[in-house]
*Asks:* 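Take this structure, written in structure tokens, and hold onto it; I'll ask about it next.
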Amino acid sequence: MSTAIRKFQEKIFAFYRRQGRDLPWRRTTDPYRILVSEIMLQQTQVERVIPFYERWLERWDSVDALAGASLQEVLEQWMGLGYNNRAMRLLETAKRITADYAGDVLAACREYRNLPGVGEYTSRAVRIFAANENLAAVDTNIRRILMAEFSLQNPSTADLRQLAERCLPIGRSRDWHNALMDYGALHLTAAKSGISPVSRQGKFAGSVRQLRAEILRELLQKGQLPCQYFEGDERFPAALRGLLREGLCRREDNMLFIPK
DNA sequence: ATCCAGATGA
DNA sequence: TCATCAGGAT
């Protein structure tokens, strides 16, 4: 273990002792609850997730309970959090964990490719925060911190993962990752660091996207939005966006009419 | 417009 | 690799 890495660890832990956040999902090691938090936190700020997280667990307090929910219920509960496909995938993942892993979230996460919506980062995060496993996870915060700390310009995913593993204090994985998150979110923010995140902005981000969101939210609130893609077309979202943009989609009686 | 504890399909 | 994802706040 190099001196540079040791000093890096001490800096991060020192910050954490002073300014570490007390967040709802840090008060539990229940893998199900950690999973719910991680899915909700994908591309979504902590402050916005908190009320949704609390409400969600009030309704479904176990993976088995969630697995028994309907898609309609799940989408209603998710409404307002954004990127709703996460909710659909979380429901499907809960069903698979219940059916194929006897409800063992941790075991399922070790084979995360069977779980829709759970990728490299999320699977590791669950294992780290729920079981303190000695793994390194790299999210947008940690990526930014590593780039700044080690003066990296354009690191590959593999480089970052390898570096993150070398920095991991064995036996303190959970605290270490919590500390990194806080350092990245509160101290070395994206704006302050000048390091841009990986995720790109689609070409069509903006007003069209918001219009789509408004219409969909209204329909779902009134219970008039089918909880499946229109006409069974899995490309509905992209299709709707394009149609709205071209003015080819019309609304009548709170329903969308999409020409085929 | 950018960013946000990303994942997915092409 | 890249845009897209039934977003939303700043």
Side-chain angles (χ1 to χ4, degrees), chain A residues 21 23-26 34-53 71-72 74-76 78-90 92-93 112-113 115-126 128-129 137-145 156-157 164 174 176-186 189-221 224-230 233-244 249 256 258:
Chain A
R21 292 172 292 182
L23 301 172
W25 43 90
R26 291 182 179 178
I34 302 297
L35 175 63
V36 170
S37 75
E38 289 302 334
I39 298 290
M40 288 184 169
L41 285 162
Q42 289 171 2
Q43 299 297 147
T44 309
Q45 286 94 333
V46 164
E47 291 306 318
R48 191 146 53 87
V49 166
I50 292 175
F52 286 87
Y53 173 82
L71 182 54
Q72 174 80 37
V74 163
L75 284 173
E76 282 173 2
W78 195 274
M79 186 169 56
L81 196 49
Y83 286 123
N84 293 4
N85 57 7
R86 290 182 294 169
M88 294 186 280
R89 291 170 181 163
L90 177 55
E92 177 60 25
T93 278
Y112 71 92
R113 289 188 181 286
L115 307 179
V118 178
E120 178 77 31
Y121 167 75
T122 300
S123 64
R124 285 173 180 255
V126 171
I128 290 165
F129 294 124
V138 180
D139 76 319
T140 184
N141 283 307
I142 297 174
R143 170 180 173 277
R144 188 171 60 248
I145 295 169
S156 69
T157 301
R174 173 165 33 215
W176 172 241
H177 286 87
N178 279 331
L180 284 172
M181 299 291 185
D182 288 351
Y183 191 84
L186 303 176
T189 61
K192 278 160 74 174
S193 71
I195 298 174
S196 57
V198 176
S199 60
R200 294 202 184 351
Q201 198 68 17
K203 286 192 211 171
F204 302 110
S207 58
V208 174
R209 204 173 185 180
Q210 289 189 338
L211 174 58
R212 178 188 65 188
E214 275 177 37
I215 293 173
L216 292 170
R217 184 170 57 245
E218 188 178 333
L219 289 174
L220 186 54
Q221 251 163 1
Q224 294 174 327
L225 179 66
C227 280
Q228 305 211 346
Y229 296 116
F230 282 100
D233 179 4
E234 294 196 4
R235 295 171 306 167
F236 165 68
L240 174 58
R241 186 204 59 227
L243 292 169
L244 283 171
C249 180
L256 291 175
I258 302 172

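Heavy-atom basis, side chains included; hydrogens, waters and symmetry copies ignored. So you know, we letter chains A, B, ... as the sequences are listed, proteins then strands, and number each from 1. What you see is a predicted model, and the numbers here were worked out from it, not measured in a lab.
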*Asks:* Are A:Gln42 and A:Glu38 close enough that a side-chain donor and a side-chain acceptor fall under 3.5 Å?
*Replies:* no
*Asks:* So for A:Arg124 and B:dA5, does any side-chain atom that can act as donor or acceptor lie under 3.5 Å from a complementary atom in the base?
*Replies:* no
*Asks:* By ring-ring contact (aromatic ring centres under 6.0 Å, His included), which residues pair with A:Trp176, not counting sequence neighbours?
*Replies:* A:Phe8, A:Phe13
*Asks:* I need the CG-P distance between A:Leu71 and C:dA6, as an integer number of Å.
*Replies:* 11 Å
*Asks:* From CG of A:Asn84 over to P of C:dA6, roughly how many Å is that when rounded to an integer?
*Replies:* 7 Å
*Asks:* Within the 3.5 Å criterion, strictly below it, is a donor on A:Arg144 or A:Thr189 matched to an acceptor on the partner's side chain?
*Replies:* no
*Asks:* Looking at B:dC4, I'd like to know if its phosphate oxygens (OP1 or OP2) sit under 4.0 Å from a side-chain N or O belonging to A:Thr140.
*Replies:* yes
*Asks:* Of all the choices, C:dA6, C:dG7, B:dA5, which nucleotide is nearest to the side chain of A:Arg26 once you look at every atom?
*Replies:* B:dA5
*Asks:* If you look at every strand shown and take non-hydrogen atoms under 4.0 Å, does A:Val46 touch a base, only sugar-phosphate, or nothing?
*Replies:* base
*Asks:* Applying a 4.0 Å non-hydrogen cut-off, can you work out what A:Arg89 is touching in the nucleic acid: base, sugar-phosphate, or nothing?
*Replies:* sugar-phosphate
*Asks:* When the distance from CH2 of A:Trp78 to C1' of C:dA6 is rounded to whole Å, what number comes out?
*Replies:* 13 Å
*Asks:* Under 4.0 Å from OP1 or OP2 of B:dA7: is there any side-chain N or O of A:Thr122 that close?
*Replies:* yes
*Asks:* Contact class for A:Ala125 (heavy atom, under 4.0 Å): base, sugar-phosphate, or nothing?
*Replies:* nothing
*Asks:* Considering only the C1' atoms, how many Å lie between B:dC4 and C:dC5, rounded to the nearest integer?
*Replies:* 14 Å
*Asks:* Look up atom CZ in A:Arg21 and atom CG in A:Leu186, then write down how far apart they are to the nearest 0.5 Å.
*Replies:* 4.5 Å
*Asks:* So what does A:Glu47 touch, heavy atoms closer than 4.0 Å: a base, only the sugar-phosphate, or nothing?
*Replies:* nothing
*Asks:* Check ring-ring contact (aromatic ring centres under 6.0 Å, His included) between A:Tyr183 and all other residues, then give those that pass, not counting sequence neighbours.
*Replies:* A:Phe15, A:His187
*Asks:* Out of B:dC4, B:dA7, C:dG7, which has the shortest distance to the side chain of A:Tyr83?
*Replies:* C:dG7
*Asks:* Evaluate the criterion ring pair (Phe, Tyr, Trp, His ring centres under 6.0 Å) for residue pair A:Tyr53 and A:Trp25; output intermediate values, then yes/no.
*Replies:* CA-CA 8 Å; A:Tyr53 173 82; A:Trp25 43 90; 5.3 Å; yes
*Asks:* How long is the line joining CG of A:Leu35 and P of B:dA5, in whole Å?
*Replies:* 18 Å
*Asks:* Expressed in whole Å, how much space separates the C1' atoms belonging to C:dA9 and B:dA7?
*Replies:* 22 Å
*Asks:* Regarding A:Arg143, tell me which of base, sugar-phosphate or nothing describes its non-hydrogen contacts under 4.0 Å with the strands shown.
*Replies:* nothing
*Asks:* In whole Å, what separates the P atom of B:dA5 from that of C:dT1?
*Replies:* 23 Å
*Asks:* Please state how far atom CD in A:Gln45 lies from atom C1' in B:dG6, giving the value in whole angstrom units.
*Replies:* 13 Å
*Asks:* Taking the chi torsion of C:dA6, is it syn (within 90° of 0) or anti (everything else)?
*Replies:* anti
*Asks:* Using a distance-only test with no angle check, is there a side-chain donor-acceptor pair under 3.5 angstrom linking A:Glu120 and A:Tyr112?
*Replies:* yes
*Asks:* Could you please name the option among C:dA9, B:dG6, C:dA6 that lies closest to any side-chain atom of A:Asn85?
*Replies:* C:dA6
*Asks:* Nearest nucleotide by nearest heavy atom, which residue falls closer to the 5' end of DNA chain B, A:Gly117 or A:Ala185?
*Replies:* A:Ala185
*Asks:* Within the structure shown, what part of the strands sits under 4.0 Å from A:Leu90 by heavy-atom distance: base, sugar-phosphate, or nothing?
*Replies:* nothing
*Asks:* For B:dC4, does either OP1 or OP2 sit under 4.0 Å from a side-chain N or O belonging to A:Arg144?
*Replies:* yes
*Asks:* Whole angstroms only, please: what is the CD-P distance between A:Gln42 and B:dG6?
*Replies:* 7 Å
*Asks:* For A:Met40 and B:dA7, give me the distance from atom CE to atom C1', rounded to whole Å.
*Replies:* 17 Å
*Asks:* Calculate the interatomic distance between A:Leu81 atom CG and C:dC5 atom C1'; express it in whole Å.
*Replies:* 13 Å
*Asks:* Please pick, from C:dA6, B:dG6, B:dC4, the nucleotide with the shortest atom-to-atom distance to any side-chain atom of A:Tyr121.
*Replies:* B:dG6
